[in-house]
There are 2 protein chains.
Amino acid sequence: MKIKQRSDCPISSALDVIGDKWSLLIVRDIMMNGKNTYNEFLKSNEKIATNVLADRLSMLEKSDIISKEEHPESKAKIYYKLTKKGIRLLPVLIELILWADEYLPVSSAAITYGYALKKDKEKITKQMMRTLLKRISDK
Amino acid sequence: MKIKQRSDCPISSALDVIGDKWSLLIVRDIMMNGKNTYNEFLKSNEKIATNVLADRLSMLEKSDIISKEEHPESKAKIYYKLTKKGIRLLPVLIELILWADEYLPVSSAAITYGYALKKDKEKITKQMMRTLLKRISDK
DNA sequence: AAATTAACTTGCTTTTTGCAAGTTAATTTA
DNA sequence: TAAATTAACTTGCAAAAAGCAAGTTAATTT
């Protein structure tokens, strides 16, 4: 499978890569939920189908948004991590959270978090970005 | 058709509404390309299928992201416009542009725009947001 | 040695997309 | 003013993608 580019518009190009219902949830799981393995992704609340997960992981890897590594604890596991390109999607996720928080029904935990985020978006984003980037630089 | 909510995570909920390959392109066309009618959307570079366009427009309307109005020039036309909820997606689009501009091959025009955006994101976003919101308040 | 876990793959059904052609009302043209 | 065109869809069908259940293989645990 290859990714078709529908046009050279940046928004369209971005959506060609991550504009489906699952890719950004995998990114979210790694970025914010401390998940890094196949089975951890499978167990998320949204219940991705196993073949779709396999497909998305391989697409995200091909797009250089995630990469595979040896799992530190076991050879049976694969450790999925974000690349820099993947980490740089953080601001997109942040804006989706802020939008959802304002216009969609979400969990009360999300409301609380959104409130803090709204007040200090810049700072929180920068801080998270730094932490995430640091994690990949000292591997 | 109704929208299924896969979980109460804000990112997931946002993607349930606008996380497909077409919805945000329609929003982009209204927001940044001065398009407001069915045939204008159809003519975009990405070539959406006519039945999919009809479906997305009705979903976006049901989600209160766009609304239909009489076209000022003709009764044969329908004027689609963004609601406030739709306009508030601007920051998401902006971040997608910035990410694509840095990590994907896009047009040279997009590169130039992205460069300005990167330098002055806050200001440009606020200015655009103000203009868009003004347009809907004085209808 | 047997059971379990992890990461997939396979086969099949359902849903969504894409494409071409057709419909209806409003508008423009000859 | 009749005929052609435009605008916004709808319909039918084939192809692609998603969802679901079960199966495979290698590593790990019991």
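In what follows, chains are A, B, ... by sequence order, proteins preceding strands, each numbered from 1. Computed from a predicted model, the values in this text were never measured in an experiment.
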| Does DNA chain D take part in any stems of at least 3 consecutive Watson-Crick or G-U pairs (both distances under 3.5 Å), and if so, which ones? |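 So far as stems of 3 or more pairs are concerned, DNA chain D shows C:1-30 with D:1-30.
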In whole Å, what is the span from the [atom1] atom of [X] to the [atom2] atom of [N]?
| X | N | atom1 | atom2 | answer |
| --- | --- | --- | --- | --- |
| A:Met59 | D:dA17 | CE | C1' | 11 Å |
| B:Glu69 | D:dA8 | CD | P | 14 Å |
| B:Ile48 | C:dT16 | CD1 | P | 15 Å |
| A:Lys4 | D:dA17 | NZ | P | 6 Å |
| A:Glu70 | C:dA7 | CD | C1' | 16 Å |
| A:Phe41 | C:dC8 | CZ | P | 10 Å |
| A:Asn51 | D:dA22 | CG | P | 15 Å |
| A:Glu40 | C:dC8 | CD | P | 13 Å |

Tell me whether the count of non-hydrogen atoms from other residues, nucleotides or ligands lying under 6.0 Å of NZ in B:Lys123 goes above 12.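 Open: at most 12 neighbouring heavy atoms sit under 6.0 Å from NZ of B:Lys123.
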*Would you say B:Lys119 has more than 12 foreign heavy atoms packed within less than 6.0 Å of its NZ?*
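Result for NZ/B:Lys119: open.
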Sub-4.5 Å side-chain heavy-atom contact between [X] and [Y]:
| X | Y | value |
| --- | --- | --- |
| B:Glu46 | B:Trp22 | yes |
| A:Val92 | A:Val27 | no |
| A:Ile66 | A:Lys81 | no |
| A:Lys84 | A:Leu133 | yes |

**Prompt:** Starting at the 5' end of DNA chain D, which residue's closest nucleotide do you reach first, A:Lys47 or B:Asn36?
**Reply:**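 Counting from the 5' end, the first nearest nucleotide belongs to B:Asn36.
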With nearest nucleotide decided by heavy atoms, which residue, B:Tyr38 or A:Arg56, maps closer to the 5′ end of DNA chain D?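 Comparing both residues, the 5'-ward one is B:Tyr38.
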Mind checking if A:Thr50 touches a base, just sugar-phosphate, or nothing, with heavy atoms under 4.0 Å?
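Base contact.
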Regarding B:Tyr80, tell me which of base, sugar-phosphate or nothing describes its non-hydrogen contacts under 4.0 Å with the strands shown.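 The residue B:Tyr80 makes sugar-phosphate contact but no base contact.
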Search all heavy atoms of A:Leu42 against all heavy atoms of A:Thr50 and return the closest pair with its distance.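 Heavy-atom minimum between the residues: CD2-CA, 3.9 Å.
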Would you call [X] and [Y] a salt bridge, using N to O less than 4.0 angstrom?
| X | Y | answer |
| --- | --- | --- |
| B:Lys85 | A:Glu102 | no |
| B:Glu70 | B:Lys75 | no |
| B:Lys4 | B:Asp16 | no |

inquiry  = If you apply the rule side-chain contact (heavy atoms from CB on, under 4.5 Å), what do you find for A:Leu15 with B:Leu24, and how did you get there?
reply    = CA-CA 9 Å; A:Leu15 295 176; B:Leu24 285 182; 3.9 Å; yes
**Asked** Any luck finding a side-chain donor-acceptor pair between A:Asp20 and A:Ser23 under 3.5 Å?
**Response**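 There is such a pair (donor and acceptor under 3.5 Å, judged by atom type) between the side chains of A:Asp20 and A:Ser23.
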Taking only the side-chain heavy atoms of [X] (C-beta and beyond), determine which of [options] contains the nearest atom.
| X | options | result |
| --- | --- | --- |
| B:Lys68 | D:dA8, C:dC8, D:dC9 | D:dC9 |
| A:Ala54 | C:dC19, C:dA6, C:dT9 | C:dT9 |
| B:Ala49 | C:dG18, D:dA8, C:dA21 | C:dG18 |

B/S/- along nucleotides 22-30 of chain C (protein heavy atoms under 4.0 Å) is ----SS---
message = At a heavy-atom distance below 4.0 Å, what parts of residues 15-34 of chain B sit against DNA chain D?
response =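 None, since no heavy atom is under 4.0 Å.
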